[in-house]
Q: 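The structure follows.
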Amino acid sequence: MLLDGTGSRPVGLGELPSPVNAVDAKALVRQALWAGRGLEAGDDPLLMAYVEDTRVTTPEKLAERHARAAWPAAAAERAALTRALLGTLRAGMRPASRRLYEEVERPLATVLAHMEATGIRFDVEQLAGLTGQLRRRLAELEAAIQELVGRPFKVSSRDQLEALLFDELGLAPSRQTALTNKRSTDNETLSALRDAHPVVPLILEHRELAKLVGTYLEPLPRWVNPQTGRLHTTFDQTNAATGRLASLNPNLQNIPIRTEAGRPIRGAFCAAEGYRLVSADYSQIELRILAHLSGDPTLVRAFALGEDIHRITAARVAGIALEAVTREQRSQAKTINYGLSYGLSAVGLAERTGMSRGEASRFIKRYFEEYPGIEAYVRETKRLCKEHGYVEDLFGRRRYIPDINAPGAAIRVRAENAAINMPVQGACASIIKKAMVEAFPALCELGARLLLQVHDELVVEAPEDRVEEVGALLRKTMTGVVELAVPLEVEVGHGKTWLEAHGG
DNA sequence: TAGATTACGGGG
DNA sequence: CACGCCCCGTAATCTA
């Protein structure tokens, strides 16, 4: 969180003209923290308004909604309006959202400022080898693709790819893009066509590697602050409709982990000399919250017994023993578990798993017979949202969804799915935020530094001789932050790098 | 030429 | 008809 000096607006670095200025802005925050200023949590009308209505994400919307005015251009007027809004908002807050604001969001702003100012060490040298390797492979792929196609061809252009695959090569398109009805060339489509023509697997590999080079390997080194040698992200506290944080400039909440080609990038995120990275992440927290909210007996019992839900689903889908479930199968089951809970259709399930539509329909029927509480939760949440026009998470964070009563079915279904999802995702966000606020002072006492939050994971830099204490503290704080019908479980790991610390 | 839109794919 | 949700960044392409 950064202050713009005129009110209390968290400023995304995207509004700043260049990474260089972004670095300067971070330096100012560091100076303020070192000087002992900025440590007292200040009230923030935008945070107050956001908790009560997550659509209020900017000062412009704050002014429009709560002062029926435009957000002024002049700093003095901004300050005056901010002060006026503080008074009216403070007086009008609901008790639940007041607690969420005072106990979570307001103190969290200070924690986030520390995290941003601290940054995380990033070893540029270590990545140079991988970058060169992927660049050479990309050149190989381009040559091979060129050879097969017989003419110059820009692999990164989905329009050119569409023409090549479906017009020249006569392959069968699967589905259309959402807004312009073009024939889709996305990963799902290409994977289905993998064996239809030898160029397709080459294009798939090119896509994956180009993504890694263009999104991570080339930009990240440029974001390293020359003064600190570290990456300083910005956390936007008032952006997500569900109450989650967002990370930007650079985004450190989407660093690759799922594929072999991308995972090594996490190895460049490392601890300072004399420190180790400690990673603590909630296991299956969204499903546990769903179990709590729905009270589904089967789900609650499974979690109480410490069973692996994704593994169980994977075994059922594949019709195999629990022990025979592979990493990929479990990952697919994860998609099914979360997808079905949030409205995934039979068609969507069939597309993602290779089942026929009939099989998918039967599977969904079985799934909801197995978990009747989930079905009831879905029905009841939609009903409440249609009645009130909003949904809330466990702590009273509110998301308005006016589309819930839209006449168009597609728009309405989308709104219904969002309504089902928000109380779960929002509770998850509130819970880990609360854990951050509670753990932060104790971490400081141990000489440790909170560095990153990735939705269900915290990353901490701990002195080498305090690793065990820090791990225990994180586990205790994260599991104890709220009492649910099911236990919360936390996996803790540590290592010299993020890769080692998190499931490495 | 610059900004907006679109498709795509990385994470949870 | 279409049909998991929440984000952010990149590249190509469109539009002013």
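Values below: all heavy atoms of this structure, side chains included; hydrogens, waters and symmetry mates excluded. Quick note on labels: first sequence line is chain A, next is B, and so on, each numbered from 1.
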Q: Counting distance alone, no hydrogens or angles: does the base of dG10(B) have a donor or acceptor under 3.5 Å from a partner atom on the side chain of K211(A)?
A: no

Q: Between Y338(A) and H310(A) (judged by ring centroids, cut-off 6.0 Å), do the two rings come close enough to count as a pair?
A: yes

Q: Nearest whole angstrom, please: distance from the C1' of dA7(B) to the CG of L179(A).
A: 9 Å

Q: Output the single nucleotide from dC8(B), dG4(C), dG12(B) whose closest atom is nearest the side chain of H502(A).
A: dG12(B)

Q: With a cut-off of less than 4.0 Å, is there a side-chain N or O of S184(A) near OP1 or OP2 of dA7(B)?
A: no

Q: Expressed in angstrom and rounded to an integer, what is the separation of Q253(A) atom CD from dG12(B) atom P?
A: 10 Å

Q: Once the angle between the rings of F363(A) and Y367(A) is folded into 0 to 90°, is it parallel (under 30°), tilted (30 to 60°) or perpendicular (over 60°)?
A: tilted

Q: In whole Å, what is the span from the OH atom of Y282(A) to the P atom of dG11(B)?
A: 22 Å

Q: Write down the distance between NE2 (H455(A)) and P (dG12(B)), rounded to a whole number of angstrom.
A: 8 Å

Q: Might you point out which heavy atoms bring T381(A) and A419(A) nearest each other, and give the distance in Å?
A: CG2-O, 3.4 Å

Q: Distance check, C1' atoms only: dG4(C) and dT5(B), in whole angstrom units.
A: 24 Å

Q: Which nucleotide sits closest to the side chain of N239(A): dC3(C), dG10(B), dC8(C)?
A: dC8(C)

Q: Heavy atoms under 4.0 Å, any strand shown: does R175(A) hit a base, just sugar-phosphate, or nothing?
A: nothing

Q: Answer with base, sugar-phosphate or nothing: what part of the nucleic acid does R258(A) contact at a heavy-atom distance below 4.0 Å?
A: base

Q: Looking at T185(A), I'd like to know whether one of its side-chain N or O atoms comes within less than 4.0 Å of OP1 or OP2 on dA7(B).
A: no

Q: Expressed in whole Å, how much space separates the P atoms belonging to dG9(B) and dC1(C)?
A: 27 Å

Q: Can you tell me how far apart CD (E375(A)) and OG (S294(A)) are? Round to the nearest 0.5 Å.
A: 11.5 Å

Q: Between the base of dG10(B) and the side chain of N254(A), is there a donor and acceptor pair under 3.5 angstrom?
A: yes

Q: Which nucleotide wins on minimum distance to the side chain of R207(A), given the candidates dG4(C), dC8(B), dT10(C)?
A: dC8(B)

Q: Between R244(A) and dC6(C), is there a side-chain N or O to OP1/OP2 distance below 4.0 Å?
A: no

Q: Verify the contact: side-chain N or O of S156(A) to OP1 or OP2 of dA12(C), cut-off strictly under 4.0 Å; return yes or no.
A: yes

Q: dT13(C), dG10(B), dC5(C): which one has an atom nearest the side-chain heavy atoms of Q160(A)?
A: dT13(C)

Q: Is any side-chain nitrogen or oxygen of T177(A) closer than 4.0 Å to OP1 or OP2 of dC8(B)?
A: no

Q: Heavy atoms under 4.0 Å, any strand shown: does K154(A) hit a base, just sugar-phosphate, or nothing?
A: sugar-phosphate

Q: Separation of E208(A) atom CD from dC8(B) atom C1', in whole Å?
A: 14 Å

Q: What's the CG-P distance between L212(A) and dA11(C), to the nearest Å?
A: 13 Å

Q: Between atom CD1 in I257(A) and atom P in dG10(B), what is the gap in whole Å?
A: 14 Å

Q: Side-chain N or O of T180(A) versus OP1/OP2 of dA7(B): is the shortest distance under 4.0 Å?
A: yes

Q: Within the structure shown, what part of the strands sits under 4.0 Å from A409(A) by heavy-atom distance: base, sugar-phosphate, or nothing?
A: base

Q: Which nucleotide in the set dG12(B), dG9(C), dC8(B) lies at the smallest distance from any side-chain heavy atom of R158(A)?
A: dC8(B)

Q: Is R288(A) reaching over with its side chain to a backbone N or O of S283(A), donor-acceptor style, under 3.5 angstrom?
A: yes

Q: For dA2(C), does either OP1 or OP2 sit under 4.0 Å from a side-chain N or O belonging to R414(A)?
A: no

Q: Answer yes or no for R183(A) and F166(A): cation-pi contact, defined as NZ/CZ to six-membered ring centre under 6.0 Å and angle to ring axis within 45°.
A: no

Q: Please check: side-chain N/O of T497(A) versus main-chain N/O of A268(A), any donor-acceptor pairing under 3.5 Å?
A: no

Q: Consider the side chain of N251(A), meaning its heavy atoms from C-beta on, and name the nucleotide among dG12(B), dG4(C), dG9(C) that approaches it most closely.
A: dG9(C)

Q: Here's a test of your reading of the structure: between G214(A) and Q176(A), which maps to the more 5' nucleotide of DNA chain C?
A: Q176(A)

Q: In whole angstrom, give the distance that lies between atom CG of D403(A) and atom P of dC3(C).
A: 17 Å

Q: Looking for any heavy atom pair under 4.0 Å, which part of the strands does I420(A) touch: base, sugar-phosphate only, or nothing?
A: nothing

Q: Heavy atoms from C-beta onward define the side chain here; which of dC6(C), dG9(B), dG10(B) lies closest to that of R399(A)?
A: dC6(C)

